[in-house]
Amino acid sequence: MKAHEVIRAALADAAARLEVSLSPSAVELERPRDPAHGDVATNLALTLAKALKQKPRAVAERLVATVQLPQGLVRRIEIAGPGFINFFLAEAQLAGVLGVVLAGGDRYGRSEVGQGRPVNVEFVSANPTGPLHVGHGRQAALGDAIASLLEWTGWRVTREFYYNDGGGQIINLARSVQARIQELRGRPVALPEGGYHGEYIRDIAEHYVAAHPNDPEGADLDAVRRFAVQELRKEQDADLHAFGVKFDVYFLESSLYATSKVEETMRRLVAAGHTYEKDGALWLRTTDFGDDKDRVMRKRAEKGGDYTYFLPDVAYHVDKWERGFTRAINVQGADHHSTVTRVRIGLQALEMGIAPGYPEYVLHQMVTVMKGGAEMKISKRAGSYMTVRELVDEVGRDAVRYFFLMRRGDSHLVFDVDLAKSQTEENPVFYVQMAHARMSGIFRVAGREPASVPPEGADLGTLTQPEETELLKELADFPNLVAGAAAALEPHRVTSYLEGVARAAHAWYHKYRVLGEPQEAARLVLAAAVRRVLANGLHLLGISAPDRM
RNA sequence: GCGCCAGUAGCUCAGCUGGAUAGAGCGUCGGCCUCCGGAGCCGAAGGUCGUGGGUUCGAAUCCCGCCUGGCGCACCA
C-alpha cells in the first residue's frame with residue numbers, strides 16, 4: 001500500500017540523518033496484532049541500537065524527532081515497549097486501499113520482484129507405471145500454487161512434468177502387462193518380482209490385445225512397453241485435467257538418451273576428474289562434495305551395464321540450466337529427499353558454473369486419507385490406493401486443492417474426506433467461498449454489478465466501525481502476503497490469510513447492513529473490495545470463487 | 001547407526017523469516033433468528049511452545065545435546 005512505502009522511505013531517510021545508511025527495503029514494517037499498537041509498526045530502532053551503541057528507546061526518540069512525513073498521512077506516532085515505533089494512520093489513508101483494490105481488479109496483489117526472470121517449476125513427475133495417487137495430488141496442488149505465486153510476483157514460469165519412461169520400473173511394468181496378457185490366453189503366469197499388481201494392468205493387457213491382433217501373445221516386449229506407457233500417460237493426463245493442472249512442458253527421460261545428453265554428461269564428469277571405476281562399475285566421487293558415500297553412475301555388466309537413475313537426473317538438470325532456467329524448483333515427496341544432495345553434487349562436479357543450491361527443492365510429507373473415521377490404507381504393491389481422480393470425483397476439485405494447500409508441506413497431511421465434502425462452516429473451503437458468495441449476494445439483491453461502485457462516488461470516511469477498519473487492514477495486507485508466500489514457496493499462507501479475511505467478512509456482514517443504510521455507498525465499495533480479494537486469493541490457488549452456493 | 005522433517009490448547013493446525021500479552025478452526029460451555037442467505041454470528045474456559053543448555057536488549061522462531069514420531073539410507077526410481 002502507498003502509505004507503507006512513504007513511511008518506509010521516510011524512516012530510511014531519518015536513519016540516514018542519524019548516520020546509518022540503509023535502503024528503504026531494509027526497513028521492516030509490520031502490522032501489529034493489537035490495534036492499540038497502531039496500524040503500522042517498525043522495529044527499526046531496535047535493529048539500529050547496536051550499530052549506534054545507544055538504547056533502543058533513545059534511538060526511537062531520535063528517529064521520531066527526525067522523521068518527516070507528509071501532512072494528513074499519520075495522525076499519531078508512539079514509541080512503545082522496548083522501542084517499537086507505532087504509526088496510527090489517518091482514517092482516510094486506511095480506506096484508500098479500497099481504491100487500490102478496485103483499480104487493481106484481478107491484478108490486485110501482484111508485484112514485480114521477479115522482473116520477468118525465468119523459473120522452471122517441476123512437479124508431479126510420476127512414473128508412467130500407474131494412476132496418480134493422493135501423494136501426487138498434494139504435489140500437483142502445491143506445484144501449481146507455487147508456480148502461480150511466482151507468476152503473481154513477476155516471474156516467467158514454466159510448469160514442467162518429467163516422465164521417467166526409461167529404467168527398470170518401466171521394464172517391470174511391461175513384464176507385468178505381458179504376464180496379464182498370458183493370463184488372458186488362459187495360461188496364468190506369475191507376475192515378475194516387484195511387478196505391478198493393480199487392476200489397471202489387466203485393463204492395459206486387454207487393450208493391448210485388442211489393438212494388436214498380430215501379437216495376441218504380447219511377445220513383443222518393446223511394443224507392450226510403449227503401449228503401456230502411452231496408456232498410462234493418457235490416464236495421468238486425464239487425472240491432471242480433472243484436477244485443472246496444465247503443464248507447459250512434458251519432458252521425457254528417453255529424450256535424454258535420444259539426444260545423447262546422458263552420455264555427454266557422463267563424459268563431462270569423467271573429464272572433470274571426479275570419477276573412477278571399481279568392481280566394473282563407474283562411480284562418481286560424491287564424497288568430495290560432502291556426500292556420505294560415493295555413487296554409482298553406470299552399473300557393472302552383470303547388472304546390465306546401464307546407467308543408474310542418478311546420471312539421467314543430472315543430465316536433465318543440466319538441460320534445464322542450458323535451456324536458460326537460472327532458477328529451478330522441484331516439488332517432490334520427502335521420500336525422495338536423498339536425491340537432493342546427489343543431484344546438486346552431480347551438477348557441482350561438472351564444474352560448469354551452476355549455483356551450489358541449484359535446483360531448489362520443495363519437499364512435502366505424506367498424505368493420509370481419513371474416511372468415516374478410519375484411515376484408508378495405501379498399498380501400491382497390492383494396487384489398492386486412492387487415486388487423485390477418485391478423490392476429485394468424491395469431494396470436488398476445489399475442496400481437494402484447498403485441503404492439499406492448507407497445511408505446510410513440511411507437515412504430514414490428514415485428508416478428512418468427510419470434512420471436505422461437508423457443506424458447513426467446519427469446512428474451511430466452504431467457509432471462504434461462502435464469504436465470497438455473501439458479498440456477491442449483496443450486489444445481487446441490490447441489482448448492481450460489483451464493478452459499478454467506484455470508490456470516488458462514496459464517502460469512505462464513513463467506514464469507521466472496528467470491523468470495517470479490521471477488514472481494510474486485511475485487504476491492504478494482501479500484496480505483502482502474496483509476496484511473502486511466494487518468497488517462502490509456501491501456498492498455505494494464502495489459505496490462512498483467506499480464512500482470516502472470510503472471518504472478518506462474515507463478522508462484518510452479520511453485524512451491519514449495507515443496503516438502505518446511510519453508509520450504503522461506502523459499504524458497497526467495501527463489499528466489492530472484499531469480494532475481489534477473496535476471488536483473487538482463491539483463483540491464485542486454482543480454486544473457484546462462486547457468486548452463489 | 002547416519003541423514004532429512006516434525007513435536008505449539010482436548011483434536012487438527014497457523015505463527016508473516018528474531019519482536020510487544022503465543023493465535024485460528026473443531027470440540028466443550030453460554031448467548032444471538034421479523035434481517036443483503038442462521039449453510040451464519042458473538043462470548044467464555046483451555047498453554048511449562050517435547051526437553052535441557054546456549055546465543056542477545058528480546059527465542060515457539062537461531063545454535064548444541066537428549067526424548068518421541070514419520071520418511072529415507074541400492075549397481076530401484
Side-chain angles (χ1 to χ4, degrees), chain A residues 28 30-34 36-37 41 43 46-47 49-50 55-57 80-84 86 125 127 129 164 166-170 172 194 253 278-283 292-293 295-310 312-313 333-341 363-366 406-414 416 419 422-428 430-431 434-435 437-446 477 480-481 483-485 487-488 490 492-493 495-497 499-500 503 506-517 523-524 527 548-549:
Chain A
E28 288 179 45
E30 60 172 24
R31 182 186 145 197
R33 256 196 307 273
D34 188 343
H37 294 145
N43 61 357
L46 293 148
T47 57
K50 186 168 262 182
K55 288 183 178 163
R57 286 197 71 111
F84 289 98
N86 298 332
S125 295
N127 290 351
T129 54
N164 285 107
Q169 295 304 326
I170 299 300
N172 238 329
E253 180 189 1
K278 193 182 91 183
D279 305 331
L282 184 66
W283 298 69
D292 49 358
K293 52 185 150 182
R295 306 291 169 177
V296 170
M297 291 167 35
R298 192 183 59 214
K299 304 173 195 173
R300 66 169 187 264
E302 301 89 89
K303 292 268 187 179
D306 50 351
Y307 303 114
T308 63
Y309 71 93
F310 165 62
D313 267 7
D335 53 340
H336 285 72
H337 81 256
S338 59
T339 64
V340 173
T341 46
L363 300 179
H364 66 85
Q365 298 292 331
M366 302 294 102
M406 70 184 180
R407 304 284 180 240
R408 297 168 56 204
D410 284 337
S411 53
H412 286 248
L413 187 141
V414 177
D416 185 335
L419 178 61
S422 82
Q423 304 279 296
T424 68
E425 81 272 17
E426 298 158 33
N427 183 348
F430 182 84
Y431 185 80
M434 186 65 196
R438 289 206 134 144
M439 297 301 118
S440 301
I442 296 172
F443 291 94
R444 192 162 52 243
V445 169
D477 266 348
N480 198 33
L481 176 109
E490 291 182 352
H492 77 273
R493 293 192 193 185
T495 60
S496 293
Y497 169 80
E499 285 166 40
R503 190 163 36 248
H506 282 306
W508 173 71
Y509 175 91
H510 184 261
K511 191 159 177 182
Y512 308 102
R513 287 186 59 80
V514 174
L515 304 179
E517 298 295 308
R523 287 186 175 166
L524 276 173
R548 62 199 314 166
M549 302 184 69

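Note that the structure is a prediction, hence the values are computed from the model and not measured. Letters A, B, ... mirror the listed sequences (proteins, then strands); counts begin at 1.
- Nucleic acid contact class of A:Pro82 (heavy atoms, under 4.0 Å, all strands): base.
- Across all strands, A:His37 comes closer than 4.0 Å to base atoms (heavy-atom distances).
- Closest approach to the A:His337 side chain among B:A77, B:C36, B:C71 is made by B:C71 (side chain taken as heavy atoms from C-beta onward).
- Taking the charged nitrogens against the carboxylate oxygens, A:Lys299 and A:Asp306 do have a contact shorter than 4.0 Å, which makes a salt bridge.
- Listed nucleotides: B:A6, B:U17, B:A77. Nearest to the side chain of A:Arg408: B:A6.
- Side-chain atoms of A:Val296 lie closest to B:C75 of the nucleotides B:C75, B:C5, B:U12.
- Among the protein residues, A:Gly441 comes within range of the sugar-phosphate backbone only, with heavy atoms under 4.0 Å from sugar or phosphate atoms but none that close to a base.
- Among the nucleotides B:G15, B:C41, B:A24, the one closest to any side-chain atom of A:Tyr431 is B:C41.
- Note on A:Ser422: every side-chain N or O is 4.0 Å or more away from OP1 and OP2 of B:C26.
- Note that CG of A:Asp410 is 11.0 Å distant from NE2 of A:His364, once rounded to the nearest 0.5 Å.
- When each of B:C41, B:A20, B:C75 is scored by its nearest atom to the side-chain atoms of A:Pro32, the top-ranked nucleotide is B:A20.
- With a cut-off of 3.5 Å on both pairing distances, the Watson-Crick or G-U wobble partner of B:G43 is B:C29.
- The side-chain ring of A:Phe84 is stacked on the base of B:A20, judged by centre separation under 5.5 angstrom and plane angle under 30 degrees.
- Comparing B:C4 with B:G65, their P atoms sit 10 Å apart, to the nearest whole Å.
- Rounded to the nearest Å, the gap between the P atom of B:G38 and that of B:C33 is 13 Å.
- With hydrogens and angles left out, the side chain of A:Arg513 and the base of B:C36 share no donor-acceptor pair within 3.5 Å.
- Judged by distance alone with a 3.5 Å cut-off, no donor-acceptor contact links the side chain of A:Asp335 to the base of B:G72.
- For B:G43 and B:G19, the C1' atoms lie 30 Å apart once the distance is rounded to whole Å.
- B:A59 sits 12 Å from B:C49 when the P atoms are compared, rounded to a whole Å.
- Phosphate contact (OP1/OP2 of B:C32, side-chain N/O of A:Lys511, threshold under 4.0 Å): absent.
- Residues satisfying the side chain to side chain donor-acceptor pair (under 3.5 Å) test with A:Tyr497, not counting sequence neighbours, are none.
- Ranking B:A14, B:A6, B:C76 by closeness to the A:Asp410 side chain, first place goes to B:A6.
- For the C1' atoms, the distance from B:U12 to B:G7 is 14 Å, rounded to whole Å.
- Out of B:A14, B:A77, B:G19, the shortest distance to the side chain of A:His492 is found at B:A14.
- Comparing B:C75, B:C13, B:C71 by their closest approach to the side chain of A:Met366 singles out B:C71.
- The same atom, P, is picked in B:G46 and in B:A9; the two are 14 Å apart, to the nearest Å.
- B:A14 and B:G25 are spaced 10 Å apart, taking the C1' atom of each and rounding to whole Å.
- Checking the phosphate oxygens (OP1, OP2) of B:G38, a side-chain nitrogen or oxygen of A:Arg438 falls inside 4.0 Å.
- Remark: A:Asp335 CG to A:Met366 CE distance equals 4.0 Å, nearest 0.5 Å.
- Nucleic acid contact class of A:Ala41 (heavy atoms, under 4.0 Å, all strands): base.
- The side chain of A:Leu46 has B:C57 as its nearest neighbour among B:C42, B:C57, B:A20.
- B:U55 and B:U48 have their P atoms separated by 26 Å, given to the nearest Å.
- Residue A:Glu490 places its side chain closer to B:G15 than to any other of B:A74, B:G15, B:C36.
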